[in-house]
Student: 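One structure coming up, written as structure tokens, with questions to follow.
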Amino acid sequence: MVATAFRHPVGIFHLHCSVGETGSARNCRQSSFRFISKNFAVDVRLLRKEHCSSRQCKLHVVCSSSSQASTTDPILSTSQGESSLVLIRHGESLWNEKNLFTGCVDVPLTKRGVDEAIEAGKRISNIPVDTIYTSLLIRAQMTAMLAMTQHRRKKVPIIVHNESRQAETWSQIYSGDTKKQSIPVITAWQLNERMYGELQGLNKLETSERYGKEKVHEWRRSYDIPPPSGESLEMCSQRAVAYFREQIEPQLQSGKNVLVAAHGNSLRSIIMYLERLTSQEVIRLELSTGVPLLYIYKEGEFMRRGSPVGPTEPGVYAYTKSLALYRQELDKRLP
């Protein structure tokens with residue numbers, strides 16, 4: 001099995017085929033293409049009874065979807081076959097401040113949460129970002145937007161509206177130069193916080209007094225026991241990880257650098273997948289608000305590089321050769 005990527009101005013083709021006796025990818029009994037462009041993605045299979053060549057192939061579209069994926073940052077002159085993945089838990093929300101169960105209630109950030117998001121942006125200001133994913137909840141979206149105000153590339157994060165044909169049409173950008181200076185922000189309910197059911201809006205201390213500390217601890221920290229009418233971490237993990245594998249991981253495989261701004265439990269679920277944690281390990285995982293985590297994706301593996309300390313620290317960009325080169329190019333081209 002070989003995999004070949006063909007790059008040109010409009011997108012990326014990935015060719016997967018079984019190599020014949022000649023060892024050449026030109027002769028394939030069964031092949032498939034994955035085409036990713038800034039406007040759409042198409043999966044194509046090449047089928048022929050015996051061999052498939054550049055002149056004799058039948059193209060069969062098996063699925064297609066609309067997207068607005070960005071092009072890879074041109075300042076990153078060489079990727080060294082790797083991509084960056086940054087995970088950020090949203091800054092403090094108004095209900096975090098009040099010690100209330102928030103879950104899927106759409107609550108904004110506090111002043112402290114705003115400051116945390118800006119500080120997170122400073123920490124990743126020298127790390128490339130091509131595409132942003134957030135939940136549907138305002139606190140995650142605010143965190144992503146505020147963080148990107150600190151990035152040295154000064155690209156503008158723009159939420160992609162594809163909920164209807166009219167929404168897509170009305171939000172179109174008709175300037176090529178403007179598109180190059182933009183970063184698509186893709187929102188997905190699958191990245192939402194765990195739904196806490198009948199606990200949402202209740203004070204955590206009062207809830208413990210009402211139901212007992214052990215029961216509330218079980219609802220909050222067990223892997224597979226949900227609160228009344230709510231989700232367990234396992235249920236949250238199923239949707240979050242499925243979305244990551246189907247939508248985000250292909251972007252990393254194609255060379256894109258991705259930022260995900262989401263929530264404690266949806267991010268714990270993704271980290272469980274990235275680091276192959278057990279159900280017992282993930283329930284002990286704590287994530288601070290507004291603190292970015294950096295992963296490097298290379299050759300199908302995710303390598304955790306920790307949290308950048310600050311924009312002036314050498315360790316922020318010198319995790320890999322690619323990030324070091326990216327920082328050097330930033331210093332050359334930008335003030």
Student: Which heavy-atom pair separates Q141 from T187 by the least distance, and what is that distance?
Tutor: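 That would be NE2-CG2, 3.6 Å.
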
Student: Just wondering, are more than 12 heavy atoms of other shown residues or ligands nearer than 6.0 Å to CZ in R210?
Tutor: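 No, the 6.0 Å shell around CZ holds no more than 12 heavy atoms from other groups.
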
Student: Can you list the steps and then say if V114 with T143 is a side-chain contact (heavy atoms from CB on, under 4.5 Å)?
Tutor: CA-CA 7 Å; V114 169; T143 298; over 6 Å; no

Student: Report whether I159 and L259 are members of the same hydrophobic cluster (ILVMFWY, side-chain heavy atoms less than 4.5 Å apart, transitive linking).
Tutor: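 Yes: a chain of side-chain contacts under 4.5 Å links I159 to L259.
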
Student: Establish whether M272 and V260 are linked, either directly or via other cluster members, by ILVMFWY side-chain heavy-atom contacts under 4.5 Å.
Tutor: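 Yes, because M272 and V260 connect within a single hydrophobic cluster, where side-chain heavy atoms sit under 4.5 Å apart.
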
Student: If every non-hydrogen atom of G197 is compared with every non-hydrogen atom of M195, which pair is closest and at what distance?
Tutor: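 Distance-wise, the nearest heavy atoms are N-SD, 3.0 Å.
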
Student: Determine whether F101 and R220 satisfy the following criterion, side-chain contact (heavy atoms from CB on, under 4.5 Å), listing intermediate values before the conclusion.
Tutor: CA-CA 10 Å; F101 285 101; R220 295 185 65 190; 3.7 Å; yes

Student: May I ask whether F302 and L277 are part of the same hydrophobic cluster, defined by side-chain heavy atoms of I, L, V, M, F, W, Y residues being less than 4.5 angstrom apart, directly or through others?
Tutor: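 As far as the 4.5 Å side-chain criterion goes, L277 and F302 are connected within one cluster.
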
Student: Answer yes or no: is there a side-chain heavy-atom contact under 4.5 Å between V107 and I138?
Tutor: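 They are not in side-chain contact.
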
Student: Between E116 and T289, does any side-chain donor sit less than 3.5 Å from a side-chain acceptor?
Tutor: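 Checked: E116/T289 side chains pair up, N/O donor to acceptor below 3.5 Å.
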
Student: Are Y133 and Q251 side-chain neighbours, meaning at least one heavy-atom pair lies under 4.5 Å?
Tutor: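 Yes, close enough: below the 4.5 Å cut-off.
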
Student: For the backbone of C104 and the side chain of Q200, can you confirm whether one donor and one acceptor N or O come within less than 3.5 Å of each other?
Tutor: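 Side chain of Q200 to backbone of C104, a donor-acceptor pair under 3.5 Å: yes, one is there.
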
Student: Would you say L205 ends up clustered with L202 if hydrophobic residues are merged whenever their side chains have heavy atoms under 4.5 Å apart, either directly or through other cluster members?
Tutor: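 Each belongs to a different hydrophobic cluster.
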
Student: Enter the distance from K111:NZ to L94:CG here, rounded to the nearest 0.5 Å.
Tutor: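 These two atoms lie 13.0 Å from each other.
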
Student: How about S125 and Q150: does a side-chain donor come under 3.5 Å of a side-chain acceptor?
Tutor: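 Checked: S125/Q150 side chains show no N/O donor-acceptor pair below 3.5 Å.
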
Student: Answer yes or no: are there more than 12 heavy-atom neighbours, outside R221 itself, under 6.0 Å from its atom CZ?
Tutor: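 It does: R221 CZ has more than 12 such atoms within range.
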
Student: Measure the spacing between CG of N203 and CH2 of W95 and express it to the nearest 0.5 Å.
Tutor: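 Answer for the CG-CH2 pair, N203 versus W95, is 11.5 Å.
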
Student: Could you check whether any side-chain N or O of E92 sits under 3.5 Å from a backbone N or O of L109, counting only pairs where one atom can act as donor and the other as acceptor?
Tutor: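 No, E92 side chain to L109 backbone: no donor-acceptor pair under 3.5 Å.
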
Student: Using modelled atom types only, decide if a donor and an acceptor are shared between the side chain of D130 and the backbone of N257 within a distance under 3.5 Å.
Tutor: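 Checking the backbone N and O of N257 against the side chain of D130, a donor-acceptor pair under 3.5 Å is found.
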
Student: Kindly give the heavy-atom pair with the smallest separation between K154 and T149, and that separation in Å.
Tutor: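 Closest approach of K154 to T149, heavy atoms only: NZ-O, 3.3 Å.
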
Student: State yes or no: are the ring centers of W219 and Y211 separated by less than 6.0 Å?
Tutor: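 For W219 and Y211, the ring centres are under 6.0 Å apart.
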
Student: Give a yes or no answer on whether the side chain of E281 reaches the backbone of T278 with a donor-acceptor pair at less than 3.5 Å.
Tutor: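 Confirmed, E281 side chain pairs with T278 backbone.
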
Student: Within the supplied structure, the quantity of interest is the number of heavy atoms (other residues, nucleotides, ligands) at a distance under 6.0 Å from K204 NZ; does it exceed 12?
Tutor: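 Yes, NZ of K204 has more than 12 neighbouring heavy atoms, counting only those of other groups under 6.0 Å.
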
Student: Is the backbone of V282 close enough, under 3.5 Å, to the side chain of R268 for a donor and an acceptor to pair up by distance?
Tutor: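 Pair found, side chain donor or acceptor close to backbone of V282.
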
Student: Looking at S135 and N192, what are the two nearest heavy atoms and their distance?
Tutor: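 Smallest heavy-atom distance, with atoms named: CB-OD1, 3.1 Å.
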
Student: Could you tell me whether the side chains of E275 and Y295 share a donor-acceptor contact shorter than 3.5 Å?
Tutor: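 A pair is found: one side chain offers a donor N or O, the other an acceptor, under 3.5 Å apart.
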
Student: What are the two closest non-hydrogen atoms of D106 and L136, and how far apart are they?
Tutor: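 Residues D106 and L136, closest heavy atoms: OD2-O, 4.1 Å.
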
Student: CD1 of I225 to NE2 of H217: how many Å apart, nearest 0.5 Å?
Tutor: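 The distance works out to 10.5 Å.
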
Student: Provide the closest heavy-atom pair for S182 versus I158 in the form atom of the first, atom of the second, distance.
Tutor: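 Heavy-atom minimum between the residues: OG-CD1, 3.5 Å.
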
Student: Please assess H90 against N96 for the test side-chain contact (heavy atoms from CB on, under 4.5 Å), listing each intermediate value before the final yes or no.
Tutor: CA-CA 11 Å; H90 65 80; N96 290 146; 3.5 Å; yes

Student: Heavy atoms, side chains only, cut-off 4.5 Å: are R139 and P108 in contact?
Tutor: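 A side-chain contact is absent here, since even the closest heavy-atom pair is not under 4.5 Å.
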
Student: For the OG1 atom of T207 and the OH atom of Y196, what is their distance to the nearest 0.5 Å?
Tutor: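 Here the interatomic distance stands at 11.5 Å.
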
Student: Given salt bridge (Lys or Arg N to Asp or Glu O under 4.0 Å), test K215 with E218 step by step and report yes or no.
Tutor: CA-CA 5 Å; K215 175 57 70 175; E218 183 179 65; 3.0 Å; yes

Student: Is a side-chain donor or acceptor of S237 paired with a backbone partner of L233 at a separation under 3.5 angstrom?
Tutor: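 A pair under 3.5 Å: no.
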
Student: Kindly work out whether a path of hydrophobic side-chain contacts (I/L/V/M/F/W/Y, heavy atoms less than 4.5 Å apart) joins L137 to L87.
Tutor: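 Per the 4.5 Å side-chain linkage, L137 and L87 are not co-clustered.
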
Student: Counting C-beta onward and ignoring hydrogens, is there a side-chain heavy-atom pair between M303 and K298 closer than 4.5 Å?
Tutor: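 Contact flag for M303/K298 side chains = yes.
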
Student: For R194 and E231, indicate whether the former's side chain and the latter's backbone hold a donor-acceptor pair under 3.5 Å.
Tutor: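 Side chain of R194 to backbone of E231, a donor-acceptor pair under 3.5 Å: yes, one is there.
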
Student: Taking the side chain as everything from C-beta on, heavy atoms only, tell me whether N162 gets closer than 4.5 Å to I186.
Tutor: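 Side chain of N162 against side chain of I186, heavy atoms only: no contact under 4.5 Å found.
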
Student: Between R239 (side chain) and M235 (backbone), is there a donor-acceptor pair under 3.5 Å?
Tutor: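 Judged by distance alone, no pair lies under 3.5 Å.
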
Student: Side chains of E249 and Y273 only: does a donor on one sit below 3.5 Å from an acceptor on the other?
Tutor: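 Indeed, the side chains of E249 and Y273 share at least one donor-acceptor pair under 3.5 Å.
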
Student: Would you find more than 12 non-hydrogen atoms of other residues, nucleotides or ligands less than 6.0 Å from E163 atom CD?
Tutor: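 Check passes, neighbour count above 12.
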
Student: Heavy-atom distance under 4.5 Å between the side chains of L85 and L274, does that happen here?
Tutor: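 SC-SC contact between L85 and L274 confirmed.
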
Student: Determine whether a donor-acceptor pair (N or O, by modelled atom type, separation under 3.5 Å) exists between the side chain of H151 and the backbone of I127.
Tutor: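 Yes.
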
Student: Is S93 close to T110 at the side-chain level, that is, under 4.5 Å between some pair of heavy atoms?
Tutor: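 Not in contact.
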
Student: Calculate, to the nearest 0.5 Å, the distance between atoms CD1 and OG belonging to I296 and S83 respectively.
Tutor: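 So the gap between those two atoms works out to 8.5 Å.
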
Student: Given side chains that start at C-beta, do those of I183 and V129 come closer than 4.5 Å, heavy atoms only?
Tutor: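 Counting from C-beta outward, I183 and V129 do come under 4.5 Å.
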
Student: Calculate, to the nearest 0.5 Å, the distance between atoms CZ and OG belonging to F244 and S266 respectively.
Tutor: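 Answer for the CZ-OG pair, F244 versus S266, is 12.0 Å.
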
Student: Checking R245 side chain against P250 main chain: does a donor-acceptor pair fall under 3.5 Å?
Tutor: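 Checking the backbone N and O of P250 against the side chain of R245, no donor-acceptor pair under 3.5 Å is found.
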
Student: Consider only side-chain N and O atoms of E193 and N265, and report whether a donor and an acceptor are under 3.5 Å apart.
Tutor: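 A donor-acceptor contact under 3.5 Å links the two side chains.
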
Student: Please lay out, stage by stage, how H161 and W170 fare under the test side-chain contact (heavy atoms from CB on, under 4.5 Å).
Tutor: CA-CA 9 Å; H161 287 285; W170 285 20; over 6 Å; no

